[in-house]
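Structure first, commentary second.
A note on names: the letters A, B, ... follow the listed sequences, proteins ahead of strands, and every chain is numbered from 1.
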Amino acid sequence: MTDSQSHDAAPQPGTVDMITTTLLKNTLYNPLRLAGGLLLFLLVYVAVTNIASGNYTLEAFVRQSITGLAQGGIYALIALGYTLVYGILLMINFAHGEVFMAGAYVGFFAINAMEQSGMLADHTFLALLITLMVGVVASVTIALLLERIAYRPLRGAPRLVPLITAIGASITLQQLFLRLFGPDPRVYPRVNLYILPGIFRDLECAEVSGAQVCKGLDLIDGLYRVDVLGMNLRIRPVFFLVAFFAIVLMIALWFFVQRTKTGKAMRAVAEDKNAAALMGINVDRVIATTFVLGAALAGAGAVLFALYNQQVTPFMGFVPGIKAFTAAVLGGIGNIPGAMLGGFFLGIVESTGPALLGISSQLKDVIAFGLLVLILIFRPTGIFGEVLAEKKA
Amino acid sequence: MSEIILEARRVTKRFGGLTAVGKMDLQVPRGAIASLIGPNGAGKTTFFNCVTGFYNPEEGEILFEGRPIKGLRPDQITQRGITRTYQNIRLFSGLTTLENILVGMHTRLTANPVESIIGTPRMKREERAALEEAMQLVEFVGLSGMEDLLAENLPYGLQRRLEVARALASRPRLLLLDEPTAGMNPQETDAMMRFIRRLRDELDLTIFLIEHDMRLVMNVSDQVSVMDYGKKISEGTPAEVQRDPKVITAYLGSGPEDEELLEDSEVAES
Amino acid sequence: MIHKNTIQHSLYAAAAILILALTGIFGNFATRTVIGESITSSTVLLVLAVGGVGYFMANRAEGLVAKVANGLTGSLIVSVGLALLMLLESAVDLTFVFVYLKRFPLGEELLFGQELIPGVLLFLAIAAVMGVLAGVLSCSSRRIQNTLVMSAAVMAATGLLVNQVNSVIALPDALAVAAAFIMGYATLFIRITDKIVYRMGIGFLAGLAVGFALGGFIAWGWLLDPNDLPRILSLAVENGIFFLVVFGTLGAAGAIFAVAPANSHNGALYVPLVLVVLGLTNGKRSMTPDQALIVFVLVALVTWFMPVLSRRANHQYEQLARPQQRGTRQLSSIFAVAVLLVLPIFAGQYITSVLDLVLMYIIMGIGLNVMIGYAGLLDLGYVAAFAIGAYTVGLLMSPSLLTCGGVHPNDINPDQIQQVCTGVMTFWQAWPFAILTSGMVGVLLGIPVLRLRGDYLAIVTLGFGEIIRLLALSNDLKPLLGAAQGISPIPTPLIDLRSIGINFNESLGNSISIYYLFIAGVMLAAFIVARLASTRLGRAWRSMRADEDVAQAMGIHLVRTKLLAFGISSAFAGMGGAIFGSWLQGIFPNSFTLLVSINVVSLIIIGGLGSIPGAVVGSLILIGLPEVLRELQDYRLLAFGALLVVAMLLKPDGLLPPPVRKLSEMFSEHRTKHQPEVSHE
């Protein structure tokens with residue numbers, strides 16, 4: 001790290017000379033990047049030999065990628081909340097993982113009640129919609145309380161202070177849920193939501209009073225063997241549903257931020273709170289809106305996650321929370337599509353990585369954090385990040 | 001012609017497509033008070049940043065006392081004998097007046113951490129001498145009685161003086177002052193003017209300053225260089241520069257910059 | 001008449017209390033008695049909730065009537081909330097959602113053994129009385145309020161702790177020690193302003209007199225049965241001269257604190273009080289009502305007279321000449337250290353093990369202060385360095401791949417382990433390695449993150465901490481690190497001085513002996529960090545924290561300075577981790593969770609960033625308190641989290657922020673000391 005003060009300009013394109021210089025600068029003259037590069041090379045080498053030796057098949061890769069896609073979708077939904085809040089307040093909302101957890105928990109009580117009353121079986125789609133709404137409302141409530149009680153009074157305090165508060169809030173929420181609802185995992189009921197019987201003619205068929213009735217694709221609980229290109233895959237439609245949902249919500253959020261008046265106000269506040277206030281923007285309200293948006297996405301993600309993962313515990317939010325922050329950094333913090341891509345990227349790398357590198361899956365979190373470190377070495381602004389002002393980095 | 005202490009040769013600094021400083025040539029003679037003036041955004045502070053190593057210019061060469069300093073880190077350049085102050089005062093908040101000055105002495109102190117922990121007599125002597133010298137500096141810049149105040153609690157004008165004291169603490173041979181009178185009223189500016197002269201005369205320093213206050217520039221400078229759009233457009237004694245038509249165009253002709261107009265009227269007054 | 005915010009804020013408070021009630025807290029706390037059989041933690045909590053809200057609301061109003069009205073409103077809103085919840089609970093089964101209500105139903109504890117409806121009415125009536133009392137209390141003078149609140153708090157705390165600290169000191173011992181100290185302290189009322197030596201002499205004689213008197217009384221059989229004396233007194237009777245000296249010294253200590261600055265005076269004055277309280281409850285499982293009354297009165301007396309006494313002591317201190325003042329300060333810290341050294345002998349294994357933990361966190365707090373408090377680098381992965389210290393000691397002190405020449409100990413015939421594993425070290429050999437390794441890893445981990453600041457640094461270091469733990473846990477590294485089983489057993493540190501001709505061979509195998517190792521560690525850490533902080537490197541760190549660019553422009557080598565912070569800070573974590581490993585005689589990856597890092601960061605921030613006393617106070621509050629209140633363990637982490645939030649909201653600078661360094665005073669002091677030589681310039 002000889003040039004810790006690397007204010008090197010963008011290389012002038014075109015000249016071979018420039019390219020060599022840049023190359024040298026990034027490798028030989030910069031031992032850190034050299035080491036990072038060597039590590040990357042080593043990882044790629046291990047992965048390639050693993051594939052070449054036949055230990056790792058394309059089939060395994062695709063199968064793991066699909067799992068990773070769903071996990072990534074969840075990360076993406078949480079990461080969007082981090083990115084929004086960080087973009088505006090420059091603080092890591094450590095309790096965001098707990099906001100996610102709260103959505104899943106309260107959603108559980110809703111869906112459980114509907115299961116008891118039989119509504120879940122009779123009007124599955126409506127019941128799921130209600131669960132989703134309840135989860136979102138729970139997350140939003142918690143986030144608003146957090147913002148009002150713990151964060152708003154500390155605006156303008158040194159940055160360590162809100163960070164510690166956020167950590168404290170995170171522990172408090174975890175423990176509160178533990179003391180209120182107990183340490184045993186709550187289990188979401190199995191939900192069968194059949195769709196498109198017209199297209200999936202040969203799925204979930206049963207003899208009903210002599211006639212063959214096919215219900216269609218089970219979107220939530222289904223598990224189907226599919227042979228594609230000679231690969232034997234086991235596909236859960238819910239994984240695609242999660243990914244699809246994440247993308248739709250992200251696009252909606254992006255339009256909200258880019259196109260609506262509130263979105264513009266949010267961007268203005270992110271740029272300069274004081275100036276925005278002078279322009280007649282109610283900064284408090286905009287910040288609260290930001291928390292609401294982030295929490296709503298997290299709450300929706302939480303219910304989806306709980307639908308296929310089924311188990312809900314008070315501690316379920318913490319690790320996904322941190323991973324999602326990693327995803328937000330990967331994508332360049334403050335960048336909405338970046339956060340989503342970062343989430344998917346992290347989800348897929350995490351689930352394919354261990355087998356690809358031939359290490360135990362205990363180390364998948366190491367891959368996530370290792371990735372974060374590598375990214376911050378090579379591109380501190382994230383893969384898709386814009387150049388940030390120094391104060392943010 | 002006296003010896004040249006600082007020499008810039010064709011220094012160029014670009015930010016993306018924007019050339020902030022382009023092929024800048026400049027010489028500062030030892031013992032002089034040299035000024036760098038120009039409209040806002042002319043590249044003056046960027047040039048300072050190049051000299052102090054905060055930016056690494058793409059092209060050109062910077063020589064200090066005949067030795068190249070381009071590409072060195074800021075701390076290495078400070079060690080060579082150049083220090084600076086900032087346009088928007090940047091003192092170490094949370095540190096007292098004395099501590100700020102002691103940080104300025106950092107390069108001249110030699111005690112390593114092990115010595116500090118053991119508390120060797122040599123280290124104690126050094127610390128005591130440093131404290132003594134810092135007290136003298138406090139007195140020199142007129143901050144007596146405020147030694148133990150936190151820097152951020154000093155009044156504005158005194159913060160400027162503390163910044164100078166901190167810069168002096170490293171015993172530089174070249175002192176760069178970036179708009180030393182920014183935000184000051186005429187009385188304070190006069191005091192600063194006298195202070196700058198005193199610095200040069202009593203401490204045997206070369207002073208290179210950026211300034212918008214023309215009265216001060218014309219009064220104290222031995223040499224004035226004018227920048228516009230990243231280039232040097234004129235240089236000479238205050239009188240020569242004042243007569244240069246290019247300078248007048250730069251200040252008056254290139255756009256409705258009220259502030260510059262005002263300052264130009266000050267030139268006319270003096 | 002009713003303050004405009006009273007109703008609103010009472011409703012908020014009621015909501016918070018109701019949520020707590022739903023966790024079954026009242027029933028849970030009722031299992032632990034505080035005073036007698038009927039007053040339980042639950043009662044204390046109820047008084048805090050209902051009376052506390054009333055008191056808080058009453059404090060905003062002016063005049064007796066308004067205060068009572070506001071107090072009553074606050075208390076009633078909270079209690080009506082609780083009453084409604086009780087009614088709801090009796091009507092609907094809430095236990096599916098709120099599982100703890102199954103074991104600890106709300107009603108049982110709050111209804112005072114009555115049926116539902118009369119019980120609720122009685123509850124409301126009592127709450128109303130509390131509200132009125134709160135209003136009246138808030139009307140009295142500040143001094144009365146302080147005294148009452150303090151006494152009640154100490155009484156409740158004593159009741160809570162009796163079960164853990166009931167074998168510290170016997171009442172006669174406590175009274176004897178307190179008497180000697182107070183006799184010396186009585187010199188407060190003698191006017192001797194010139195030399196503290198005289199004062200200490202008088203104190204010494206006073207203490208001696210107490211010793212003589214007690215000895216005499218016991219010898220004549222007036223006071224206690226000489227054959228059944230508690231620890232200190234029986235030793236005193238057996239070994240007269242030595243213990244006369246001890247009593248004299250206690251008197252002298254009392255005399256010193258009679259001329260001490262207000263803070264140390266107040267602290268010292270609570271020591272005999274605590275001793276007597278501990279003596280009172282000695283050997284009891286819970287506190288009886290009459291003991292509670294005595295504790296209440298004692299604390300009330302001390303608190304009531306504290307301002308007067310403290311003003312007088314402080315005044316006398318200020319009358320002293322400078323060197324005498326310094327002498328006072330030094331002597332009082334010597335006495336404080338002496339108390340620390342004898343503490344574990346009395347406190348017993350359990351309390352000492354809590355203190356060990358507190359001390360370990362103090363070491364780490366001091367170390368992490370280098371990173372966060374001085375250099376301004378937010379490290380959330382401090383546990384990594386801690387773990388590395390522990391693992392290094394574990395690997396070097398037991399047969400492992402490292403010490404057995406690359407062969408796994410399981411592959412070696414157990415009879416040959418001694419011959420093959422020649423690399424096994426003693427603790428004293430392994431300790432420096434642990435410190436060094438942690439420091440070096442700290443530097444290595446610091447390199448990639450040099451350019452990162454603030455939150456990015458926090459999250460990356462957090463990642464490092466998790467990576468280290470996951471690596472330790474992973475089966476891939478099992479041959480070396482033992483995966484989930486960790487490394488055990490690890491021998492305890494052994495002090496063997498026989499080789500240098502002293503017949504001393506002691507294994508630091510229990511909490512009490514390891515306590516001294518921790519104390520040594522804390523002193524070393526505090527000394528080193530204090531020295532560094534006040535000299536060149538410390539100033540470089542602090543300037544870097546304030547403004548990195550300007551610091552560099554002032555000639556500070558950023559890379560070197562940052563890496564030194566990473567290294568030194570990590571080395572202290574390694575030092576603590578190494579003792580931790582050999583203290584527990586085993587290392588398990590699950591001891592190295594993120595919570596350790598969060599604990600350390602939180603304690604230094606709550607104590608005050610960059611302040612060594614802050615680290616001590618922070619550790620006592622965040623580590624010691626929850627550990628002692630272990631029986632309320634279910635709520636430990638909840639209280640911890642809430643404390644972090646509340647502390648940041650109310651005191652963001654921490655409890656003991658570092659004082660501004662008055663360098664010019666040191667300078668002038670030095671000048672006056674050397675006046676004859678320096679004369680004038």
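Side chains of A:Thr172 and C:Leu638 form a contact here, defined as non-hydrogen atoms less than 4.5 Å apart. You'll find the side chain of A:Phe181 reaches within 4.5 Å of the side chain of C:Val97, heavy atoms only.
Between the CE atom of C:Met648 and the CG atom of A:Leu154 there is a distance of 8.5 Å, given to the nearest 0.5 Å. Within the model, atoms OG1 of C:Thr23 and CZ of A:Phe177 stand 13.0 Å from one another, a figure rounded to the nearest 0.5 Å. Interatomic distance, CZ of C:Phe640 versus CD1 of A:Ile167, reported as 9.0 Å (0.5 Å rounding). Distance CD1/C:Ile598 to CD1/A:Ile164: 8.0 Å, rounded to 0.5 Å. Interatomic distance, CG of A:Leu176 versus CG of C:Leu637, reported as 12.5 Å (0.5 Å rounding). To the nearest 0.5 Å, the span separating CD1 on A:Ile367 from CG on C:Leu470 amounts to 11.0 Å.
Your options are A:Asp365, A:Val366, A:Leu163, and the one with the most heavy-atom pairs under 4.5 Å with chain C is A:Val366. In terms of non-hydrogen atom pairs under 4.5 Å with chain C, the most contact-rich of A:Leu178, A:Ile322, A:Leu173, A:Val161 is A:Val161. Looking only at heavy-atom pairs under 4.5 Å with chain C, the residue among A:Phe108, A:Phe94, A:Phe318, A:Phe109 that has the most is A:Phe109. Contacts with chain C were tallied for A:Leu180, A:Thr326, A:Ile171; A:Leu180 has the most, counting heavy-atom pairs under 4.5 Å.
For C:Tyr100 against A:Gly182, the heavy-atom pair with the smallest separation is CE1-CA, 3.8 Å. Taking both residues in full, the closest heavy atoms of A:Ala169 and C:Val645 are given as N-CG2, 3.5 Å, listed atom of the first, atom of the second, then distance.
Proximity to chain A (any heavy atom under 4.5 Å) is restricted, for C:Ile605, to the side chain, taken from C-beta onward. With a threshold of 4.5 angstrom between heavy atoms, C:Leu101 does not approach chain A through any atom at all. Heavy atoms closer than 4.5 Å to chain A are found in the side chain of C:Leu594, but not in its backbone. Neither the backbone nor the side chain of A:Asp184 comes within contact range of chain C; no heavy atom of the residue lies under 4.5 Å from a heavy atom of that chain. Using a 4.5 Å cut-off between heavy atoms, A:Pro162 does not touch chain C at all. Heavy atoms closer than 4.5 Å to chain C are found nowhere in A:Ala157, neither backbone nor side chain. Proximity to chain A (any heavy atom under 4.5 Å) is shown, for C:Phe96, by both the backbone and the side chain. Only the backbone of C:Leu473 comes within less than 4.5 Å of a heavy atom in chain A; its side chain stays farther off. Heavy atoms of C:Ile468 lying under 4.5 Å from chain A are absent altogether.
Residues from residues 373-381 of chain C that place a non-hydrogen atom less than 4.5 Å from a non-hydrogen atom of chain A comprise C:Leu378, C:Leu380, given in numerical order.
Counting non-hydrogen atoms of other residues, nucleotides and ligands closer than 6.0 Å to CZ of C:Arg560 gives a total of 12 or fewer.
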